[in-house]
Amino acid sequence: MQFTNTLSFSDSVHCFRSGQPFNTEAVVLTTDHAGPESPRCFSVAEQGRELIIRRDLKPGDQVFGMGQSMGGLNKRGRQFRTWCSDDPCHTPEKESLYGAHPFLIVDGDDTFGLFIDFPGELFFDLGYTTTDLLEIRIPSLDVDIYEFVATDKKATDKKTIVRDFRKLIGKPYVPPRWGFGYQQCRWSYPDAARIDEIIAGFRDNDIPCDTVYMDIDYMVNFKDFSIDEQKFPRFENWVQEKKEQGIRLIPIIDAGVRIEDGYKVYEEGLEKGYFCKDAQGELFRAAVWPGLCAFPDFLKPETRQWWGLQYQALTDLGIEGFWNDMNEPALFYSPASLSKAIDAVSAAKDKNIGVYEFFDLKDSIMNISNSREDYRSFYHEPAPGGRVNHEQVHNLYGTNMTRAAYEGFAQVDADKRFLMFSRASSVGAHRYGGIWFGDNHSWWEHLKLNLQMLPGANFCGFLYSGADIGGFGANASAELVVRWTQLAVFSPLMRNHAAMGTRDQEPFAFDGHSMAIMREHIKLRYRMIPYLYSEYMKAVESGDALFYPLAFEYDDERSKRVEDQLLVGRSLMNAPVYEQNARGRHVFLPEDMLLWKVSRHDLMAATVIKAGDHYLELPLEEMPVFIRKDGMLPLTETTSWVDERQPETLDVMVYLDQGARYELIYDDGISKAWEKGVSDCLSLSVQQGSAGLKVSAEVTKGQVPWKTIVFHVYRHDGSLIRQSVQI
Ligand code: GLC
């Protein structure tokens, strides 16, 4: 295979170019160093108009990554496709979800990373067809293939690969700090009065909350950037009143623009040529929630510029965050696909059709949404005069919608962070917003899936990510929502959301006991925000994931196979309960750790657990937080919302081994000063001196709110020493 060009970003990161790839803008790093002739860890072969990547797999090899996708942490033995899909049924066999994230790491004797920079569909066979063969099919000869070679032969090699990849694709989006607070959503809270009741539910029950969402019903006929004033009278004042109660309202924005005469967004977009067109140059039309819609051509810079400024209609009214949805884009049907299906049905009318014909007929209706035919029938204009078929660049659509929003926000206020996350994404979208994992279900399996999806999303820079707590589709039990809330304590995006027609699942929607447990865990979350935020900001700079499988840290064979525990930042390990009626679980500890079984977050009683396998009793009230050797967990005071007041006291849980140090990164939480390297730092240290413990807390950069630091220092023998420092 002859590459047209090869580039070296370092000794271990190389790019192999074939043909003339479409510029996805996933990669931001540039180099002019020529690279090696061919990849070291896999082969690339031309097969007709396609490229095939191959690599033999040894029995012990594992495969990590694939971004937001089904399957466990180790993806070996499965097939995937990168194709942003509006599919609300995340059953185990699904090969693609909303994000297209073709980055993986093969871990074995010869560990390496692989990223395929390509805007369309790719096919991954990770030892599925042939158990000892990894094969990737690229349906094009125009592509950039990146190889990341490991050097140290250690578990942590994989972290180096993640960091190298992230260096290539740029720094992740940083939300405002209030985006780390608890968030409540539902499709849909029908009006302002219901949202007021929901807010009262939180405040009256002393459950912290920072945001409530407005799903599609806040709009007039689902028209983006409109507000139904019948349901939401005095909108601007109301938004302001809610803010005074510590609640920010987050409206949804969908990709499809309703076709309606007199609707400004539609008319302006049409007049300026900002929408996608079909082969004849006519407006492409398909139906989503608003009925027949036009679809902004987000690949066209002028469209992005225009679209980004539309958000101002709401930011002018005090809105500070949004979620972008239906941006794969979802297409319920097009006039063409609908009439084809209707024709098929009419043709069968009054006929005695055979059973196979019946199944075909049924499929012609069932498969009407998001059809390939529809995706093939419209075009983008990424550059003047240049036209590209949507199918070729499908995976870039959602990313460019989110990019438009991000760039629009910068025009509204260049120095302010807005909340933004999207459903569809591709590699590179992490620079503009976070992602949520879409329409999961209130299934225990999806609680575990949530855990397993986090690292893959993180590797691609989606640090601000999370799944709908309690599950979106189907009815949730109180127990499921309790356990899910416990898991979500660790996830930067902590949002409970439920579909239309399902049972209420706010923390106060069940019995008093369940509510009390959730209250404790949401309060714990608020106490943990300094840690999560600090680890987030460090991961933004270093290129690390917030969540790593144990296999990325520990070299022993046992750690490599752990599928249901994650490391969370430098100090913690998470091992949630994810099974119905379970009152405990097995955990594996690769080293001694401090176990804090949290039932009441203000009782900081922890025990040392030795390395090895354990069964832990974990009643519904309890969630395990493991603190690693020399790890520190700073805990601030709990508040009803993130910015309610300046906290005075910071508790720090410490598991002392050789000597513990922690840099707590802080900043104003709202400006973009962090981009210029402006942050605050509190340096915490606990050392064992000959005359006893030496603890120190020093503000080494900027300023922090806390005045008193209380160290809770646990040692190997389980003994606890508490010591305070004033700063
Ligand atoms: C989609 C979204 C979901 C939202 C619904 C209605 O299914 O994924 O979160 O609630 O649309 O807007």
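We count ligands from 1, going down the list as the structure has it; atoms in each ligand are counted the same way. For the numbers below, each heavy atom of this structure counts, side chains included, while hydrogens, waters and symmetry mates do not.
Taking the six-membered ring for Trp and the full ring otherwise, F298 and W307 have centroids separated by under 6.0 Å. The distance between the ring centers of F322 and F409 falls below 6.0 angstrom. For H90 and Y98, the ring centers sit closer than 6.0 Å to each other. Aromatic ring centres of F180 and Y536: separated by under 6.0 Å.
Partners of A545 according to the side-chain contact (heavy atoms from CB on, under 4.5 Å) rule, which considers only residues two or more places apart in sequence or in another chain, are N458, F459, Y548.
For the pair R495 and Y213, the cation sits on the ring face: its NZ or CZ lies under 6.0 Å from the ring centre, inside 45° of the axis.
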Filter the ligand 1-protein atom pairs down to N or O on both sides and distance under 3.5 Å, then list them.
unit_1, atom_1, unit_2, atom_2, d
ligand 1, 7 (O), D439, OD1, 3.4
ligand 1, 7 (O), D439, OD2, 2.6
ligand 1, 8 (O), R423, NH1, 2.9
ligand 1, 8 (O), D439, OD1, 2.5
ligand 1, 8 (O), D439, OD2, 3.4
ligand 1, 9 (O), H497, NE2, 3.0
ligand 1, 10 (O), D215, OD2, 2.5
ligand 1, 10 (O), H497, NE2, 2.9
ligand 1, 11 (O), D325, OD2, 3.1
ligand 1, 12 (O), D215, OD1, 2.6

